[in-house]
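In what follows, a structure is listed as structure tokens, so that the remarks can point back to it.
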Amino acid sequence: MSTIPSLEELHALGAAQQPNYPDPDALAKVVGKLRSVPPLVFAGECDELTDKIAAVTRGEAFILQGGDCAETLEGATADNVRAKLRVLLQMAVVLTYASSVPVVKIGRLAGQYAKPRSKDTETRVGPEGPVTLPAYRGDAVNGFDFTPESRMPDPQRLLDVYHASASTLNLARAFVTGGYADLRQVHTWNQDFIKDSPFASRYEALAGEIDRAMAFMQAIGVADADEFHRADFASSHEALVLEYEHALTRIDSRTEEPYDVSGHFVWIGERTRQLSGAHVELLSRIKNPIGVKLGPTTSPDDAIALASKLNPANSPGRLTFITRFGASKIRDGLPPIIEKVTAEGLQVAWITDPMHGNTFEASSGYKTRSFDDVLDEVQGFFDVHRSLGTWPGGLHVELTGDNVTECVGGGEQLSDADLATRYESVCDPRLNRVQSLEMAFLVADMLRKA
Ligand code: PEP
Ligand code: CO
């Protein structure tokens with residue numbers, strides 16, 4: 001049985017990327033309250049997800065993980081949640097149908113509210129000269145508005161995040177089990193898509209094929225399988241703010257083991273994966289399926305050490321490595337890591353995050369990513385796995401169900417100049433609905449060949 005260190009013990013290990021709360025008493029009150037709120041997910045659901053990821057580790061399934069870079073409290077609306085789910089369901093159906101591989105669907109939602117930042121502060125030049133304030137660390141920590149009040153870390157926000165996550169997850173669960181995700185709705189998900197988009201018509205054609213396949217199955221008497229009427233869907237986020245994740249780590253009554261019940265799957269970010277640091281320690285103790293982001297500075301030995309610490313029993317499904325090298329680095333950087341992990345016989349699922357190594361500032365000043373770079377990293381990921389005989393297990397993307405203009409390129413050929421039209425992300429640029437669907441078709445082709 002695993003035990004959980006206290007918050008104080010965790011902080012003593014060194015915790016990167018934590019907010020500086022001005023009032024420790026207020027923080028302690030919030031943590032006390034969070035310790036008593038009901039869990040957002042059940043331990044048994046986490047175990048089911050572990051089993052599904054174990055199939056990915058064996059090369060029998062593929063993960064689609066996606067959602068906002070940073071959720072916002074204001075954005076926790078029915079329309080937003082539905083739009084994100086809809087694009088994820090569309091992508092999953094494209095991937096499954098085109099490749100005949102089961103797709104494990106995981107949202108970056110219902111908890112993705114805290115952000116690591118490269119700098120602690122942000123400086124903007126105002127009418128009276130430069131002003132420096134704490135950096136925005138996500139709605140879990142402080143406000144996006146550039147004022148001293150808004151940028152001050154406020155622990156109450158952790159409670160707001162819990163409640164927003166509860167309502168988001170409640171709605172997501174209702175959608176996926178209550179009929180919206182029924183395969184007979186494949187056409188409905190495509191409604192009000194940009195009508196002249198070639199990907200909308202390509203999707204429509206695929207949906208027609210699914211209709212025929214369903215009619216065939218109905219004719220032979222198997223159309224009532226549960227899988228046709230509901231989808232499996234899991235939540236995930238970066239486990240970053242220790243107070244929140246620690247307060248929501250509970251002992252499961254069935255197994256007496258600790259689970260972080262703030263989400264089904266939690267991951268450790270590129271900036272908090274120090275082997276002896278607080279995040280690795282906490283996540284080494286919980287029983288959820290977990291991920292670790294691996295960037296271009298990762299050595300093969302780092303990966304081995306992380307796997308030994310986080311998955312000492314070497315159980316398949318427990319650990320996923322989410323690689324985010326950048327398009328120009330993946331083909332050289334990834335092979336030595338996979339080779340060593342494979343040679344050691346370590347059971348991990350490999351996912352590509354083609355977003356975080358490919359961010360740049362456009363001439364217009366917006367933080368953006370080029371669709372071609374994103375696609376090139378995914379292609380590199382598939383190429384590397386193919387050459388090593390390992391399984392490219394999944395795709396992790398920042399996306400939204402709306403027609404935002406945050407990433408350049410793609411079938412709509414968004415340019416630098418278009419970014420200003422509808423740039424809504426409070427953090428990193430996301431694929432919009434058309435770009436996401438296009439990505440799904442392109443990845444489905446790669447998957448079929450894998
Ligand atoms: C993220 O996923 O939003 C993120 C910050 O990623 P990384 O830790 O890989 O930089
Ligand atoms: Co991001």
Side-chain angles (χ1 to χ4, degrees), residues 15-19 63-72 75 84 106-120 135-141 144 161 235-242 245 263 265-275 277-280 282-283 290-298 302-303 306 310 319-327 329-330 333-334 337 350-361 366-370 373-374 377-378 381 394-400 404 406-407 423-432 435-436 439:
Q17 299 284 341
Q18 299 305 291
I63 293 173
L64 172 65
Q65 185 173 28
D68 294 309
C69 177
E71 290 177 282
T72 61
K84 265 183 276 186
I106 307 179
R108 260 181 84 111
L109 54 70
Q112 180 52 27
Y113 286 92
K115 299 309 301 172
R117 300 318 300 249
S118 41
K119 291 203 208 93
D120 264 337
Y136 172 63
R137 290 188 168 273
D139 274 12
V141 175
F144 186 66
V161 158
S235 65
S236 75
H237 62 271
E238 176 175 350
L240 186 64
V241 178
L242 291 179
E245 306 302 337
F265 177 102
V266 284
W267 77 85
I268 303 171
E270 165 72 356
R271 295 172 187 80
T272 49
R273 60 175 168 79
Q274 299 79 15
L275 196 57
H279 295 87
V280 169
L282 178 61
L283 268 64
I290 60 170
V292 188
K293 293 283 200 90
L294 300 181
T297 60
T298 315
D302 292 340
L306 282 163
L310 293 167
L319 181 62
T320 298
F321 280 146
I322 308 168
T323 61
R324 32 88 84 222
F325 277 65
K329 300 196 172 129
I330 178 127
L334 186 56
I337 298 178
W350 297 98
I351 302 192
T352 174
D353 162 1
M355 313 300 289
H356 289 89
N358 295 307
T359 316
F360 64 94
E361 195 177 304
Y366 285 101
K367 203 178 179 187
T368 189
R369 291 161 176 154
S370 132
D373 292 344
V374 171
E377 178 154 0
V378 181
F381 174 80
L395 175 70
H396 177 120
V397 273
E398 290 183 339
L399 57 75
T400 164
V404 300
E406 298 172 4
C407 293
Y423 196 103
E424 293 177 2
S425 177
V426 291
C427 197
D428 292 336
R430 303 160 296 177
L431 299 177
N432 64 24
Q435 290 167 332
S436 300
M439 179 64 60

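In listed order, ligands and their atoms are each counted from 1.
Partners of Q274 under the side-chain hydrogen bond (donor to acceptor under 3.5 Å, both in side chains) rule, at least two apart in sequence or in another chain, do not exist in this structure. Considering only residues two or more places apart in sequence or on other chains, A135 meets the side chain to side chain contact (heavy atoms under 4.5 Å, CB included) condition with R117.
Of all protein N/O/S atoms, those under 2.8 Å from the Co ion (ligand 2) are C69 SG, H356 NE2, E398 OE2, D428 OD2, and waters are not counted.
Under the 6.0 Å cut-off for aromatic ring centres, H396 and W267 qualify, their centroids lying closer than that.
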Please determine whether salt bridge (charged side-chain N to carboxylate O under 4.0 Å, His left out) holds for the pair R137 and D120, giving the CA-CA distance in whole Å, both sets of side-chain angles, and the decisive distance to 0.1 Å. CA-CA 9 Å; R137 290 188 168 273; D120 264 337; 2.7 Å; yes
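Side-chain contact between E71 and L109 is present, with at least one heavy-atom pair separated by less than 4.5 Å. Contact of the I351 side chain with the T323 side chain is not registered, since no non-hydrogen atoms from C-beta on lie closer than 4.5 Å.
The salt bridge (charged side-chain N to carboxylate O under 4.0 Å, His left out) test with R369 is passed by exactly one of E406, E361, E398: E398. For the salt bridge (charged side-chain N to carboxylate O under 4.0 Å, His left out) with D68, the lone residue among K115, R430, R108 that qualifies is R430.
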Dump the pairs for me: ligand 1 N or O, protein N or O, distance under 3.5 Å, to 0.1 Å.
unit_1   : atom_1 : unit_2 : atom_2 : d
ligand 1 : 2 (O)  : R108   : NH1    : 2.9
ligand 1 : 2 (O)  : R108   : NH2    : 3.3
ligand 1 : 2 (O)  : K293   : NZ     : 2.8
ligand 1 : 2 (O)  : H356   : NE2    : 3.4
ligand 1 : 3 (O)  : R108   : NH2    : 2.9
ligand 1 : 3 (O)  : K115   : NZ     : 2.6
ligand 1 : 3 (O)  : H356   : NE2    : 2.9
ligand 1 : 3 (O)  : E398   : OE2    : 3.1
ligand 1 : 6 (O)  : K293   : NZ     : 2.8
ligand 1 : 8 (O)  : E270   : N      : 2.9
ligand 1 : 9 (O)  : K293   : NZ     : 2.9
ligand 1 : 9 (O)  : R324   : NE     : 2.7
ligand 1 : 10 (O) : R271   : NH1    : 3.2
ligand 1 : 10 (O) : R324   : NH2    : 2.9

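The minimum heavy-atom distance linking Q17 with L240 is given by the pair CB-CD1, 4.0 Å.
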